[in-house]
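We count ligands from 1, going down the list as the structure has it; atoms in each ligand are counted the same way. Every heavy atom of this structure was used, including side-chain atoms; hydrogens, water molecules and symmetry mates were not. Small disclaimer: the values here were computed from a predicted structure and weren't measured.
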Amino acid sequence: MTKESPALYVVATPLGNLGDLTARAADVLRSVPWVAAEDTRHSAPLLRHLGSPARMLPAHEHNEEAAARQVIDRLAAGEAVALISDAGTPAISDPGARLVARVREAGYQVVPLPGPCAAIAALSASGITAPHWLFHGFLPTKAKQREEALRELAALPAVLVFYEAPHRILDTVAALAATLGPARRLVIARELTKLFESIHACPLGEASAWMAADANRQKGEFVLVVDAPEAAVGDGAEAERVLRLLLDEGLPVKQAAKLAHAITGAAKNALYARALALRGES
Ligand code: SAM
């Protein structure tokens, strides 16, 4: 990076392990005159650790428009600015997206510095092989809205990725099982890159009991990765056979899924999604 580059650098920072800061991120954070940070007090130790002389300006969800104007002023003055959040990649379930949009609208270059992101870390270690995934981040906190959001996602033929905080983890895991069915596989990725990192996989129907069995399993930060519905059906060859048979007989997708569920006990949502996919194929 040179002084002639008045760009906004969007910099990913560690989720827990300082060793995860990339060399390029360290270089940029040391050389920019300004760092826009979600929480300046939280990020000050990181800049001190790097020996960065950068001045900080706050850029959090409640001042993002004003922060964007400040950042654009700095860029207009020919100064580069780095944007960081408390942990991980800015704008991913974190403030930053609106600020980036304003800077781009103002015609300045925005340069991403990729690095830690909890969703990607969890996916990469999940062992889930389905090719498509949907990042949802945090679910609504109210039960009714949460259930509605999950219903919309249930039949998608994709892996679902959620963020959750410790005080809601039990409720959320129970809601996932109730809405997506007990058969889909859940990977619970907790405290990634930290001392008590743990990654546990089990069917959704067993997840609440597993978490309740040890209070430590409910502590820390979580990524919840739910396998795609096809996998839930794919694990049960019998469910797949019955579903195909019913569809071949010309039954509508919904009815075929309902009957296959009644016959085999496989998850209804998963069967429905699979039936849609099979009808699409034929
Ligand atoms: N921007 C961040 C990223 O790139 O992942 C996410 C910020 S969001 C406000 C915080 C949430 O991310 C946490 O509640 C948790 O769901 C997830 N998260 C952050 N750090 C984590 C970690 N070390 N292990 C598991 N999940 C984590």
Side-chain angles (χ1 to χ4, degrees), residues 8-22 24-25 28-29 35-43 45-46 58-64 67 82-101 110-128 133-141 146 149-150 153 159-176 186-202 207 210-211 214 216-226:
L8 175 68
Y9 294 84
V10 183
V11 180
T13 57
L15 299 168
N17 188 326
L18 268 185
D20 292 336
L21 189 80
T22 68
R24 190 173 164 223
V28 164
L29 291 175
V35 172
E38 180 182 6
D39 180 342
T40 52
R41 273 191 306 183
H42 175 94
S43 294
L46 174 68
H60 46 77
E61 62 171 315
H62 305 295
N63 81 336
E64 223 176 321
L83 171 68
I84 59 177
S85 59
D86 287 354
T89 304
I92 306 299
S93 288
D94 257 344
R98 272 185 294 162
L99 191 150
V100 165
V110 177
V111 181
L113 270 74
C117 173
I120 301 298
L123 273 168
S124 72
S126 69
I128 285 177
W133 52 272
L134 181 137
F135 175 66
H136 189 280
F138 293 101
L139 282 160
T141 52
R146 185 171 53 208
L150 285 174
L153 299 171
V159 176
L160 304 173
V161 184
F162 302 98
Y163 280 170
E164 198 47 280
H167 60 284
R168 278 195 292 268
I169 191 70
L170 284 177
D171 282 353
T172 298
V173 165
L176 288 174
L186 172 68
V187 176
I188 303 165
R190 184 171 78 88
E191 293 288 271
L192 294 171
T193 77
K194 301 187 197 176
L195 187 59
F196 295 109
E197 174 180 279
S198 84
I199 301 175
H200 175 77
C202 62
W210 182 81
M211 296 208 88
D214 181 347
N216 286 324
R217 295 175 183 166
Q218 301 153 34
K219 289 184 186 155
E221 301 196 271
F222 293 88
V223 182
L224 300 171
V225 185
V226 183

Go through the steps to decide whether Asn17 and Thr193 satisfy the test side chain to side chain donor-acceptor pair (under 3.5 Å), and finish with yes or no. CA-CA 6 Å; Asn17 188 326; Thr193 77; 5.8 Å; no

is_close_aromatic(Phe162, Phe222), centroid dist under 6.0 Å: no

Provide the closest heavy-atom pair for Pro114 versus Pro112 in the form atom of the first, atom of the second, distance. CD-O, 3.4 Å

Do the side chains of Arg98 and Glu61 get close enough for a salt bridge, i.e. N-O under 4.0 angstrom? no

Which heavy-atom pair separates Val173 from Ala207 by the least distance, and what is that distance? CG1-CB, 3.5 Å

Amino acids in close contact with ligand 1, where any non-hydrogen atom sits under 4.0 angstrom away: Leu15, Ala87, Gly88, Thr89, Ile92, Ser93, Asp94, Cys117, Ala118, Phe138, Tyr163, Glu164, Ala189, Glu191, Leu192, Lys194, Glu221, Phe222, Val223

What is the minimum heavy-atom distance between Leu192 and Ala122, and which atoms define it? CD1-N, 3.8 Å

